[in-house]
Amino acid sequence: MSIKLSTEQIAELLYIYPRVERGVSDSIDTTMRMIRLHNEIYGTGYKERTSCTSCLSTVLKGIRKLYECI
């Protein structure tokens, strides 16, 4: 599966990933931005304020995969 990211999405990814890469976000805002970006790119529907650890783990894995490809 090949995903084409816009310049804005790449900039957002570069901002977000260093703040969440260890599995702990630096703020609620960063977590919400991560989920919003994941939903936009992958077409998912995770709630931005979710506290579901499984959901957050899935989102982080998706963001990590994107970051490693750029």
Side-chain angles (χ1 to χ4, degrees):
M1 179 168 98
S2 178
I3 297 174
K4 181 85 170 142
L5 300 178
S6 69
T7 304
E8 294 81 13
Q9 289 171 328
I10 292 171
E12 186 72 355
L13 183 60
L14 291 173
Y15 173 83
I16 292 169
Y17 187 71
R19 291 164 173 77
V20 299
E21 69 179 315
R22 298 195 192 285
V24 178
S25 178
D26 67 351
S27 70
I28 293 170
D29 181 60
T30 301
T31 302
M32 290 172 58
R33 287 173 73 168
M34 175 182 71
I35 295 169
R36 192 176 310 126
L37 181 64
H38 185 278
N39 285 343
E40 180 182 319
I41 293 170
Y42 289 106
T44 54
Y46 292 105
K47 294 183 193 244
E48 290 181 14
R49 292 199 174 266
T50 187
S51 60
C52 168
T53 54
S54 177
C55 300
L56 291 170
S57 176
T58 300
V59 170
L60 179 58
K61 285 177 186 173
I63 293 295
R64 181 175 290 131
K65 199 178 293 186
L66 290 170
Y67 186 81
E68 290 171 352
C69 290
I70 59 170

- prompt: Which of these passes side-chain contact (heavy atoms from CB on, under 4.5 Å) with Ile16: Leu14, Val20, Leu13?
  reply: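 The option that passes is Val20.
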
Residues which pass side-chain hydrogen bond (donor to acceptor under 3.5 Å, both in side chains) with Thr44, listed by chain and number, not counting sequence neighbours: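 Listed in chain order: His38, Asn39.
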
message: Suppose we screen for side-chain hydrogen bond (donor to acceptor under 3.5 Å, both in side chains). Which residues come up paired with Ser27, at least two apart in sequence or across chains?
response: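 Residues passing side-chain hydrogen bond (donor to acceptor under 3.5 Å, both in side chains) with Ser27: Thr30.
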
- prompt: Hydrophobic clusters join Ile, Leu, Val, Met, Phe, Trp and Tyr when side-chain heavy atoms are under 4.5 Å apart, directly or via other members; which others share one with Met32?
  reply: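 Met32 clusters with Ile28.
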
message: Side-chain heavy atoms nearer than 4.5 Å, only ILVMFWY residues, links allowed to pass through others: does that put Tyr42 and Ile70 together?
response: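 Yes.
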
- request: Return each pair, listed once, that meets salt bridge (charged side-chain N to carboxylate O under 4.0 Å, His left out) where at least one residue sits in residues 5-19; pairs must be two or more places apart or across chains.
  value: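 Every salt bridge (charged side-chain N to carboxylate O under 4.0 Å, His left out) pair that includes a residue of residues 5-19, provided the two are not neighbours, is Glu12-Arg33, Arg19-Asp26.
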
- request: Any salt bridge (charged side-chain N to carboxylate O under 4.0 Å, His left out) involving residues 39-54? Give me the pairs, sequence neighbours left out, ordered by first then second residue.
  value: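 Qualifying pairs: Arg36-Glu48.
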
Under 3.5 Å, side-chain donor or acceptor atoms of residues 53-68 against the rest of the protein: list the pairs with distances, not counting sequence neighbours.
| residue | atom | partner | partner atom | Å |
| --- | --- | --- | --- | --- |
| Thr58 | OG1 | Ser54 | O | 3.0 |
| Arg64 | NE | Tyr17 | OH | 3.1 |
| Arg64 | NH2 | Glu21 | O | 3.0 |

